[in-house]
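One structure below.
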Amino acid sequence: MNTLLTQSATQLPEAFRKLDPRHLWRSPVMFLVLLGSVATTVAAVADPSAFTISITVWLWLTVLFGNLAEAVAEGRGKAQAASLRAARTDTLARLLADDGSESEVPATRLVVGDRVVVEAGQVIPGDGDIVEGIASVDESAITGESAPVIREAGGDRSAVTGGTRVLSDRIVVRITAAAGDTFLDKMISLVEGTSRRKTPNEIALSILLASLTLVFLAAVATLAPMAAYAGAPQDVVVLVALLVCLIPTTIGALLSAIGIAGMDRLVRVNVLAMSGRAVEAAGDVSTLLLDKTGTITYGNRQASRLVPAPGVEQVELRDTARFSSLADQTPEGRSIVDLALAQGADDHDLPSGATFVEFTAQTRMSGVDLADGTEVRKGAGSAIAAWLGIEQPAEVHEIVEEISRSGGTPLVIGRKDSSGHGTVLGVIHLKDVVKEGMAERFAELRAMGIRTVMITGDNALTAQAIAAEAGVDDFLAEATPVDKMAYIQKEQEGGRLVAMTGDGTNDAPALAAADVGVAMNSGTAAAKEAGNMVDLDSDPTKLIDIVEIGKQLLITRGALTTFSIANDVAKYFAIIPAMFVVAYPSLDKLNVMDLATPQSAILSAVIFNALVIVALIPLALRGVRFRAASATSVLRRNILVFGLGGIVVPFIGIKLIDLLVSTIPGLGS
Amino acid sequence: MTDTLGGLLTIALLVAPLAATYVPLGDYMARVYTSTTHLRVERAVYRLSGVDPDAEQGARSYATGVVGFSLVSIVVLMAIQFGQAALPMDRGLPGVPFWMSFNTAVSFVTNTNWQSYAGESTLGFTAQMAGLAVQNFLSAAVGIAVAVALIRGFVRSRSGALGNFWVDLTRGTIRILLPLSFVAALLLVAGGVVQSFADSTMTTLAGHPQVLTGGPVAGQEAIKELGNNGGGFFNANSAHPFENPTAITNLLEIFLLLVLPVALTRTLGTMLGNRRQGLAILSVMGLLWSVSLAITTWAEVGAHSPAAQAAGAAMEGKETRFGEWASALFAVATTGTSTGAVNASHDSLTATGGGTVLVNMMLGEIVPGGVGAGIYGILVMAILAVFVAGLMVGRTPEILGKKISARQMTYVALYTLATPALVLVGTGIAIARDSSADAMGNAGGHGFSEVLYAFTSAANNNGSAFGGLTVTSDFFQITLALAMLAGRLLPIVLVLLLAGSLAEQGKVPVTAGTLPTHKPLFVGMLVGVILIMTGLTYFPALALGPIAEALT
């Protein structure tokens with residue numbers, strides 16, 4: 001809250017600058033308030049009184065508060081843009097000619113297709129793909145992540161971004177974006193909001209707000225002759241005050257701030273949306289395509305179970321499995337050790353004289369030879385049986401089959417003692433481990449009406465097992481980019497909006513076709529160009545966050561619209577009796593808030609109307625709290641809070657303000 | 001039997017047949033508008049008028065049909081009134097003055113049936129039957145056609161076509177309105193309503209001869225109620241004993257004016273393939289209607305004003321044949337359905353009762369609204385509700401599988417803007433004229449209510465008169481006619497464009513994330529949006545009329 005106060009104070013001059021009618025014209029509601037403020041100013045100058053002056057001041061404050069909301073929202077992006085600009089220093093590029101000679105040119109002169117050399121310590125002069133070499137790159141200028149990343153020629157990790165720094169080695173980069181059109185440039189203009197355009201839903205809402213404004217304009221304008229007929233002609237100040245209170249100023253003032261803040265929330269989770277339209281689409285997404293590896297599972301197979309062969313003690317299998325894997329540095333090997341330890345194995349080293357036998361494609365086994373001549377191997381069941389020279393026991397065969405059926409990988413452990421006598425000890429169940437909490441997350445998504453689809457290169461059997469464990473709604477096994485594309489098109493034909501992540505060049509068509517295509521920053525330039533969002537952290541799990549942020553944006557917009565309209569009820573009860581109580585004393589019965597005088601009643605409504613904008617700035621910037629739940633329960637809660645709350649709150653607020661205002665001489669009785 | 005018991009029994013006797021006809025009539029109407037076969041008589045009509053009945057129309061073409069048909073009808077109806085002296089059975093009446101005939105023509109073509117003339121002393125039988133009664137059928141059929149076109153907009157996917165206006169118009173008239181009103185007319189005749197082709201002369205007790213205006217009343221009465229027209233054969237409308245002789249015909253007439261709007265919600269549900277949606281819409285209408293009826297009945301029966309208390313009952317302007325309960329019931333039904341027929345003088349209702357029937361119209365004629373007009377009116381409000389509150393579920397708004405984006409919102413916003421603007425601006429201009437004070441039957445708040453009521457009734461195509469206001473001056477003839485014309489055609493054109501834009505879209509599948517529009521939560525939300533939007537628009541004007549009066 002304190003930071004918000006500081007931000008508001010810093011942005012105050014900007015709020016004044018935004019009083020420019022050419023700027024306010026973008027919001028018809030606030031433009032009308034501006035016109036009203038000018039009108040009351042003229043009236044107040046002509047006929048100054050405590051009432052007219054107070055109304056005028058508060059009308060100007062109403063406009064100013066709206067401007068402030070927008071300025072604060074924009075200010076957050078500007079700070080970020082400034083730090084990005086620092087990365088866009090004027091670097092000199094080492095341009096590589098066709099004959100291999102180098103020349104130094106300013107980075108701003110680079111054109112698409114140029115090849116440049118970058119060596120350790122140098123800043124990459126522009127966006128491009130590495131065509132030669134491999135390097136570790138510090139991308140903290142863009143991602144804020146200090147750990148360097150590896151970028152290499154060919155494949156899906158070849159893209160580099162201008163403004164990032166090469167830490168080691170030498171690479172040749174082919175420039176893919178002209179100066180001024182680079183990723184960094186786009187990012188700066190995005191976070192600054194300079195390229196911000198109204199999104200489709202914002203336009204539709206603006207149309208509604210404009211028509212409401214016109215209805216109220218008609219109601220107030222025609223009230224003048226009606227009031228004159230009733231023998232209670234109204235001052236222009238009072239009519240303007242009524243109009244401003246009725247037109248949806250709350251949402252009108254906060255609408256653009258809500259949109260900017262939504263984009264900003266994405267930036268904070270290190271996702272850049274290329275357009276506000278994409279953020280809105282994220283809220284509408286009903287199908288999520290998620291890559292299995294890295295998103296749903298940890299990405300490597302891990303030991304999950306040790307199944308002893310008949311007649312073998314669990315403890316013996318456990319300890320032998322650990323021994324055989326102690327020197328095995330593969331993730332699978334380490335996971336076997338971890339599992340054994342978790343099951344209570346002693347944490348001691350291999351006895352001296354033991355030698356590790358590495359996995360080879362020929363033997364299809366790995367293991368350890370002990371000093372006493374005992375040999376232990378783990379590997380595919382057939383390989384172990386062949387090595388031991390015995391038939392695989394039927395029970396073990398069954399276990400192996402069962403694990404295979406469930407989509408796991410069975411590793412059989414065998415032992416040969418110094419006399420050459422072989423035993424099958426049991427089976428290690430290796431499987432793709434689903435990340436913790438994924439099943440709950442998918443259940444939440446399902447409650448929100450979103451289908452999750454797992455994309456994997458695994459065969460159907462394995463895919464089905466993991467899909468069932470993770471709780472996704474559907475899966476696409478042995479998926480090729482063409483399959484992905486076909487799946488997206490099928491979903492879209494049914495009217496569903498699809499979101500996906502991707503990083504490879506062959507993902508580009510699907511990313512472009514998806515309604516929300518999130519490209520990984522580590523991906524190729526083609527993928528980043530095709531998607532409408534870029535995840536700087538290259539974390540595919542974030543797709544879920546993106547959907548939630550999209551929904552939150554729409555909910556905030558709807559909630560404040562509802563609140564704004566519901567507020568009007570109380571304002572009528574404050575202002576209408578105040579206007580006509582002289583002509584029709586019976587209307588005093590409508591003064592349910594028991595406001596002190598007609599003047600204090602009208603002024604209190606105007607003050608409430610202005611203050612509520614300020615009070616809601618934090619909510620507009622933070623967004624309405626979002627819970628994953630069905631549409632019905634989300635709606636019920638929000639209608640209660642913002643609909644009913646919107647009706648009740650101003651009754652209390654206006655009353656409290658009136659208690660203060662009525663103490664001012666000339667306004668109270 | 002006490003009045004209360006009798007009143008409640010009347011309501012029960014009204015609701016029972018409405019419930020009984022809901023399913024068969026609603027489904028029958030759905031079949032009428034989805035059937036692919038034509039009756040022989042319909043084929044003859046299409047051949048005569050050169051219409052290809054199997055050609056589909058887009059939104060623009062459909063709207064051009066409606067507007068063109070309405071404008072031509074106005075011209076024809078004016079001509080009939082002008083030249084009625086040359087027509088048979090003219091009862092010796094002269095041609096109708098220009099602006100009065102304009103007002104009347106617009107009034108009947110727009111299904112408003114505002115009457116600035118007294119039927120018995122202005123129009124001959126031919127003008128009544130060939131002119132007004134024909135429009136009673138056609139204007140009602142137009143209303144249903146537009147509603148059906150909007151429903152098709154929701155049903156169809158990736159198609160710009162909304163059906164064929166001429167086919168919908170013909171079928172609505174021939175398959176629905178004609179047979180139903182024929183049966184209704186027989187029932188009314190059986191109940192004692194006059195059906196003749198001559199005036200009769202009788203000798204009074206004092207021995208003097210007196211001419212009793214007769215005429216083909218029953219036939220016109222049936223479609224007057226059934227088509228939510230409301231233009232009475234006689235000036236006294238359904239308070240006239242020849243139009244509405246007994247408590248039974250009174251109940252029958254109330255039933256007739258409610259039966260189609262109520263059953264059309266079933267048609268909506270059936271055509272959408274979502275019957276619960278039809279019930280949800282009916283619930284919204286029923287809820288608002290019941291509250292309105294409760295308030296009006298309470299106000300009228302309670303005799304809350306000092307004058308009424310002194311007299312023992314608020315009987316001013318009411319027929320003793322019907323009493324307070326049946327008068328309140330008729331008043332709420334007629335204003336809620338855009339009928340505008342009256343069996344009591346609304347000017348004489350209590351301030352609260354008169355204000356409530358005024359609000360019934362301000363709601364936009366959706367409780368349950370005019371034939372067809374109620375359906376498209378409430379669907380537009382449903383879109384508005386979905387747009388405002390629908391965002392709160394975290395998706396861009398959609399209803400019945402259709403996205404509500406800027407284009408749809410433009411039509412909806414203009415629709416919701418049009419009628420209130422006509423009412424408010426019309427009232428504002430009228431009240432600002434010095435001469436208006438002379439036209440008002442009362443001074444102060446009640447006089448203001450008379451003007452407000454007139455423009456509300458005209459712009460919402462209700463047609464009922466508060467009374468008290470003299471509307472025969474050219475100013476009122478012209479402004480009210482324009483209010484009726486714009487209040488009818490603007491919304492219709494907007495609804496058809498909306499329907500076209502919906503039909504062009506594909507369908508969004510329903511998921512757990514979709515805002516359900518057939519559940520009680522949405523019913524409550526829609527009721528809230530309708531009340532708040534109406535309240536916010538009209539509260540200042542109401543405060544200066546009925547509210548100021550009622551609180552006194």
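Lettering follows sequence order; numbering is per chain, from 1. Since the model is a prediction, treat every value here as computed from it, not as a measurement.
Between B:Met392 and A:Thr561, every side-chain heavy-atom pair lies at or beyond the 4.5 Å cut-off. Counting only heavy atoms from C-beta outward, the side chains of A:Leu205 and B:Phe387 approach each other to under 4.5 Å.
For B:Glu365, there are no salt bridge (charged side-chain N to carboxylate O under 4.0 Å, His left out) partners two or more places apart in sequence or in a different chain.
Residue contact with chain B, scored on non-hydrogen atoms closer than 4.5 Å, involves the backbone of A:Ala447 exclusively. Heavy atoms of B:Phe448 lying under 4.5 Å from chain A belong to its backbone as well as its side chain. Contacts between B:Arg158 and chain A at a heavy-atom distance below 4.5 Å involve the side chain alone, from C-beta outward. For a residue to count as touching a neighbouring chain, one of its non-hydrogen atoms must lie under 4.5 Å from one of that chain's; by this rule B:Ser405 touches chain A with the backbone only. For a residue to count as touching a neighbouring chain, one of its non-hydrogen atoms must lie under 4.5 Å from one of that chain's; by this rule A:Ile565 touches chain B with backbone and side chain alike. When heavy atoms are compared at a cutoff of 4.5 Å, A:Glu548 does not approach chain B at all.
For chain A, the option among B:Leu384, B:Leu515, B:Ile532, B:Val510 with the highest count of heavy-atom pairs below 4.5 Å is B:Leu515. Ranked by heavy-atom pairs under 4.5 Å with chain B, the first of A:Leu587, A:Leu246, A:Val634, A:Leu223 is A:Leu587. Highest contact tally toward chain B, considering only A:Leu590, A:Ile203, A:Val547, is held by A:Leu590 [criterion: heavy-atom pairs under 4.5 Å]. No other option in A:Lys571, A:Arg496, A:Arg446, A:Arg557 has as many heavy-atom pairs under 4.5 Å with chain B as A:Arg496. Counting heavy-atom pairs closer than 4.5 Å to chain A, the top residue among B:Ala443, B:Gly445, B:Gly535 is B:Gly445. Between chain A and the options B:Leu417, B:Val388, B:Leu544, the largest number of non-hydrogen pairs under 4.5 Å is found for B:Leu544. Interface summary for chain A: among B:Leu551, B:Thr511, B:Val423, B:Val425, the most heavy-atom pairs under 4.5 angstrom belong to B:Leu551. Of the listed residues (A:Leu553, A:Asp588, A:Val215), the greatest number of heavy-atom pairs within a distance under 4.5 Å of chain B belongs to A:Val215. Chain A forms the most heavy-atom pairs under 4.5 Å with one residue out of B:Ala432, B:Ser157, B:Gly528, B:Pro509, and that residue is B:Pro509. Of the residues considered (B:Glu398, B:Met440, B:Glu549), B:Met440 shows the highest number of contacts with chain A, using heavy-atom pairs under 4.5 Å.
Between atom CE of residue A:Met448 and atom OG1 of residue B:Thr514 there is a gap of 12.0 Å, rounded to the nearest 0.5 Å. Rounded to the nearest 0.5 angstrom, A:Lys589 NZ and B:Ile547 CD1 are separated by 12.5 Å. Rounding to the nearest 0.5 Å places CD1 of B:Ile431 at 11.0 Å from OG1 of A:Thr222. For the atom pair A:Ile247 CD1 and B:Leu536 CG, the distance stands at 13.0 Å (nearest 0.5 Å). Here the NZ-CG distance, from B:Lys519 to A:Leu635, works out to 11.0 Å after rounding to the nearest 0.5 Å.
Of all heavy-atom pairs between B:Ala543 and A:Ile576, the closest is CB-CG2, 3.5 Å. The heavy-atom pair separating B:Pro540 from A:Tyr572 by the smallest distance is CD-OH, 3.3 Å. Taking every heavy atom of both residues into account, B:Gly428 and A:Met226 meet most closely at N-CE, 4.3 Å. Heavy atoms only, all atoms of each residue included: B:Ala413 and A:Ile207 are closest at CB-CG2, 3.9 Å. Residues A:Thr632 and B:Pro516 share a closest heavy-atom pair of OG1-CG, 3.3 Å. Taking all atoms of both residues into account, the shortest heavy-atom contact from B:Met525 to A:Ile639 is SD-CD1, 3.3 Å.
For A:Asn201 (side chain) and B:Thr396 (main-chain N/O), no donor-acceptor pair under 3.5 Å exists by modelled atom type. Judged purely by atom type and a 3.5 angstrom limit, A:Ser211 has no side-chain atom pairing as donor or acceptor with the backbone of B:Leu414.
For CZ of A:Arg277, the number of neighbouring non-hydrogen atoms (other residues, nucleotides, ligands) closer than 6.0 Å is 12 at most.
Identified by a heavy-atom distance below 4.5 Å to chain A, contributing residues of residues 498-506 of chain B are lacking entirely.
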